[in-house]
2 protein chains.
Amino acid sequence: MREMELSERKMKILQAVVRNYLETGEPVGSRTISKYTDLNLSSATIRNEMADLEEMGYIVQPHTSAGRIPSDAGYRLYVDTMMQDKERDVAELRDNLLEKEERLDQLLKQTAKLLATVTNYASMVSAPSIHQNKLKLIQLSRVNSDQLLAVIVVEGNVIKNTLLDVEEELDDETILKLNILLNTHLNGLSIEEINLKLITTLKAQAGIHSDIISNVIDAVAKAIHEEDDLEIYTSGTNNIFKYPELTDGTKASELIGTFEEKQALNELVVRSLAEDNGTGIQVYIGDESPVESMKDCSIVTATYDLGEGMKGTIGIIGPKRMDYDKVVDNLKDVMHQLDSIYKK
Amino acid sequence: MREMELSERKMKILQAVVRNYLETGEPVGSRTISKYTDLNLSSATIRNEMADLEEMGYIVQPHTSAGRIPSDAGYRLYVDTMMQDKERDVAELRDNLLEKEERLDQLLKQTAKLLATVTNYASMVSAPSIHQNKLKLIQLSRVNSDQLLAVIVVEGNVIKNTLLDVEEELDDETILKLNILLNTHLNGLSIEEINLKLITTLKAQAGIHSDIISNVIDAVAKAIHEEDDLEIYTSGTNNIFKYPELTDGTKASELIGTFEEKQALNELVVRSLAEDNGTGIQVYIGDESPVESMKDCSIVTATYDLGEGMKGTIGIIGPKRMDYDKVVDNLKDVMHQLDSIYKK
DNA sequence: ATTAGCACTCGATTTTGATGAGTGCTAACA
DNA sequence: TGTTAGCACTCATCAAAATCGAGTGCTAAT
């Protein structure tokens with residue numbers, strides 16, 4: 001028994017167990033499989049095979065004398081080797097999404113909503129990170145006698161505003177000069193390229209207004225990195241109530257908390273971006289989850305790429321018995337749409 | 001019995017019922033009241049009085065031979081006439097909040113979080129509406145050969161960005177002229193004051209670039225009204241799991257959905273702002289709720305006023321047996337802090 | 001290698017009974 | 001007349017007991 005290989009038949013049985021459990025959510029018994037599959041075997045035979053599969057760790061019994069349900073390893077095997085492409089019912093999806101919002105945040109919000117509606121699971125969409133982006137425009141304007149408005153535009157047309165306090169009022173001409181100074185030196189540079197030497201040069205040229213330069217640089221750095229910039233949009237979190245296994249005990253509360261905080265979801269985004277294996281799709285089953293409160297869930301993520309280094313993550317969070325085929329399919333589709341939408 | 005007046009004694013008993021129920025969440029019986037109150041009466045007497053109170057509709061029995069719990073009317077009477085000021089344990093609160101964020105949205109987010117933590121209920125904070133605000137600055141900059149960036153600053157330092165498409169590239173001088181034109185004519189005006197006549201004048205002066213003027217005006221109007229500007233921050237929605245009466249059946253799901261959508265919460269904001277009675281505090285009990293999914297909740301709202309017409313709503317959503325005294329107190333406190341924080 | 005048959009297990013559901021908090025009512029009481 | 005003691009009654013809650021049935025493992029026959 002030790003060096004047992006996974007026979008064709010066992011595969012088929014495991015697949016049947018998973019499929020059936022995904023549909024019903026109930027432990028599935030030998031008799032059911034016996035009819036469900038095309039291999040004509042009696043329930044007794046199936047029982048023997050299932051006993052083997054259990055020993056190998058692919059399925060478990062919730063209790064003696066109940067059917068079997070897939071273990072995490074079972075799901076994993078299924079996802080890795082047994083998924084099949086579904087008929088895509090995604091035409092409709094494409095239509096809906098195509099009303100291309102000009103505002104990126106709106107588009108992403110809408111994407112999250114759409115995914116949640118289509119899949120009946122919870123969804124999340126992270127705004128793209130813009131780390132390695134290049135500065136496109138810096139614009140200072142006087143707004144009060146003691147405040148300057150700094151508008152910072154980076155590649156990809158992401159816009160940031162910051163208010164700067166200044167001691168003495170600056171006249172129009174000075175502001176104009178500062179603007180020219182900043183733009184001629186900084187435009188086209190990424191944040192990493194703005195080094196100390198450059199800053200020193202700028203300060204020297206700014207003369208008595210060198211402190212403003214410091215402020216602006218700080219603002220730029222802050223605007224680009226800005227922690228809270230990791231906007232994450234969620235939708236359909238209440239879909240988890242459709243799956244009892246996610247709502248008993250305090251699980252529901254914890255999940256909802258996680259979705260509301262959004263802080264923890266960032267972990268998901270980071271992991272997902274880091275582990276990108278080429279397909280852009282990642283599946284986390286149960287304990288594999290990067291987020292503590294989702295140990296009873298499965299998570300499927302996709303990485304989209306708007307070009308110019310703007311990458312983000314979209315994800316679906318549902319029960320372990322989620323419809324992996326469909327979810328992966330939907331996710332791929334949305335991912336490709338996002339990829340292409342800004343490559344006009 | 002018909003024209004029975006609410007005797008002093010009945011009031012006291014009702015009050016005791018409410019108080020006790022708020023604490024324990026259990027139906028309260030006559031014997032309990034008999035000891036809980038200072039009026040020395042036997043349980044039998046209390047029973048008679050309670051029967052009266054029930055007939056009058058202030059309390060109800062969940063089932064025969066259980067204690068009584070307050071009806072909506074009972075809560076209402078309590079809130080209107082029987083609340084008392086609590087010892088304020090809010091010093092701590094003040095400290096926490098005072099780390100005055102420079103960014104308004106951050107501050108509001110933090111406020112919501114704080115309220116949720118302190119009260120153990122769900123909270124919401126709406127960003128101030130800025131309808132009647134005056135323009136402070138308009139700034140056009142070229143960002144691409146075919147795109148202009150319009151930055152719009154209104155009183156209260158709320159900043160909006162919009163990208164405008166332009167047909168032919170504009171040179172620096174033209175942009176400068178347009179900026180001057182716009183600012184000299186529009187600064188200090190509220191959106192209502194920008195009428196057709198003014199627009200016509202502007203267009204005439206802009207000559208061949210009159211279409212840009214149209215675009216800018218549109219952008220200004222959009223930026224100020226913008227529907228989705230009704231940002232609403234929520235926090236502690238998972239606190240509802242602490243109150244079983246809010247989580248059985250599909251209630252939890254509906255509530256969570258409402259909080260996530262945020263759309264419906266807007267109704268709350270509008271109502272709350274409209275019905276402001278001077279104190280700034282509003283209490284909605286059960287069916288009085290403006291939001292369908294909160295028919296089993298009580299809602300307490302407060303209206304804050306940052307000055308310059310920037311008003312917003314903060315609210316607490318919890319079970320009907322919420323600690324009204326404390327909630328009102330906390331809310332008042334936070335409201336005042338917000339009121340003063342921007343009146344430096 | 002497959003299958004029919006059977007005893008067995010155990011969660012889920014229903015049944016039953018005991019408990020006790022709380023009520024309404026009546027009669028006695030100050 | 002208002003208050004109170006006493007008592008029968010109701011009914012949710014809990015625990016123990018009984019029942020049910022889906023599903024298993026094992027053995028023996030094919």
Side-chain angles (χ1 to χ4, degrees), chain A residues 1 4-14 16-18 20-21 23-71 74 244-245 248-249, chain B residues 1 4-14 16-18 20-21 23-71 244-245 248:
Chain A
M1 181 65 58
M4 168 172 303
E5 256 325 291
L6 221 60
S7 67
E8 181 78 10
R9 204 167 68 174
K10 284 197 172 56
M11 295 280 265
K12 275 200 171 167
I13 291 174
L14 176 57
V17 171
V18 175
N20 208 284
Y21 184 65
E23 272 180 26
T24 66
E26 298 288 314
V28 12
S30 52
R31 216 178 117 71
T32 313
I33 303 288
S34 156
K35 283 182 290 189
Y36 194 76
T37 54
D38 47 353
L39 20 83
N40 278 13
L41 293 176
S42 79
S43 61
T45 312
I46 304 287
R47 272 203 288 285
N48 291 330
E49 294 289 55
M50 282 169 84
D52 290 352
L53 282 169
E54 177 157 25
E55 196 181 351
M56 294 190 252
Y58 292 119
I59 54 181
V60 291
Q61 268 182 304
H63 54 265
T64 345
S65 87
R68 310 295 214 293
I69 66 176
S71 68
E245 65 265 47
D248 55 34
Chain B
M1 182 62 62
M4 169 172 302
E5 255 325 290
L6 222 61
S7 67
E8 179 79 11
R9 205 167 69 175
K10 284 198 172 57
M11 295 279 267
K12 276 198 171 169
I13 292 174
L14 176 57
V17 172
V18 175
N20 208 286
Y21 184 64
E23 272 178 26
T24 66
E26 298 289 313
V28 14
S30 52
R31 215 177 118 71
T32 313
I33 303 289
S34 157
K35 284 182 288 187
Y36 195 74
T37 53
D38 46 353
L39 21 83
N40 278 13
L41 292 176
S42 78
S43 62
T45 312
I46 305 286
R47 271 203 290 285
N48 291 330
E49 294 288 55
M50 284 169 82
D52 291 352
L53 281 170
E54 176 156 24
E55 195 181 350
M56 293 191 254
Y58 292 118
I59 54 181
V60 291
Q61 268 183 306
H63 56 265
T64 343
S65 87
R68 308 296 215 292
I69 66 176
S71 68
E245 64 264 48
D248 53 37

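What you see is a predicted model; the values in this text were computed from it and never measured. Heavy-atom basis, side chains included; hydrogens, waters and symmetry copies ignored. In what follows, every chain begins at residue 1, and chains take the letters A, B, ... in the order their sequences are listed.
For the pair B:Y21 OH and C:dG22 P, the interatomic distance rounds to 14 Å; values are reported in whole Å. In this structure, the CD atom of B:E55 is 16 Å from the P atom of C:dT23, given to the nearest Å. Here the P atom of nucleotide C:dT3 and the CD1 atom of A:I33 are 15 Å apart, to the nearest Å. Atom NE2 of B:H63 and atom P of C:dG22 are 10 Å apart (whole Å). If you measure from atom CG of B:D52 to atom P of C:dG24, you get 10 Å, rounded to the nearest angstrom.
Here B:R68 reaches the OP1 or OP2 of C:dT23: one of its side-chain N or O atoms lies under 4.0 Å away. Residue B:R9 has no polar side-chain atom (N or O) positioned under 4.0 Å from OP1 or OP2 of D:dG2. Residue A:S65 places none of its side-chain N or O atoms closer than 4.0 Å to OP1 or OP2 of D:dA22.
Rounded to the nearest 0.5 angstrom, A:I46 CD1 and A:N48 CG are separated by 9.5 Å. Note that CG of A:L6 is 10.0 Å distant from CG of A:D52, once rounded to the nearest 0.5 Å. Note that CG of B:L53 is 4.5 Å distant from CD1 of B:I59, once rounded to the nearest 0.5 Å. Between atom OG1 of residue A:T45 and atom CZ of residue A:R9 there is a gap of 6.5 Å, rounded to the nearest 0.5 Å. The NZ atom of A:K35 sits 13.0 Å away from the OG atom of A:S42 when rounded to the nearest 0.5 Å. Here A:K12 contributes atom NZ and A:Y36 contributes atom OH; the two are 13.5 Å apart, rounded to the nearest 0.5 Å.
At a non-hydrogen distance threshold of 4.0 Å, B:G29, B:S30 from residues 24-32 of chain B come into contact with DNA chain C. The stretch residues 34-50 of chain A touches DNA chain C through A:N40, A:L41, A:S42, A:A44, A:T45, A:R47, A:N48, each having a heavy atom within less than 4.0 Å of the strand.
Each of B:T37, B:I69, B:V28 was compared with B:N20 under the side chain to side chain contact (heavy atoms under 4.5 Å, CB included) criterion, and only B:V28 meets it. Tested against A:I13 for a side chain to side chain contact (heavy atoms under 4.5 Å, CB included), the candidates A:R68, A:E49, A:E8 yield a single pass: A:E49.
A donor-acceptor distance shorter than 3.5 angstrom exists from the side chain of A:S34 to the backbone of A:L41, with no hydrogens or angles considered.
With D:dG25, C:dC10, C:dG24 as the candidates, the nucleotide lying closest to the side chain of B:Q61 is C:dG24.
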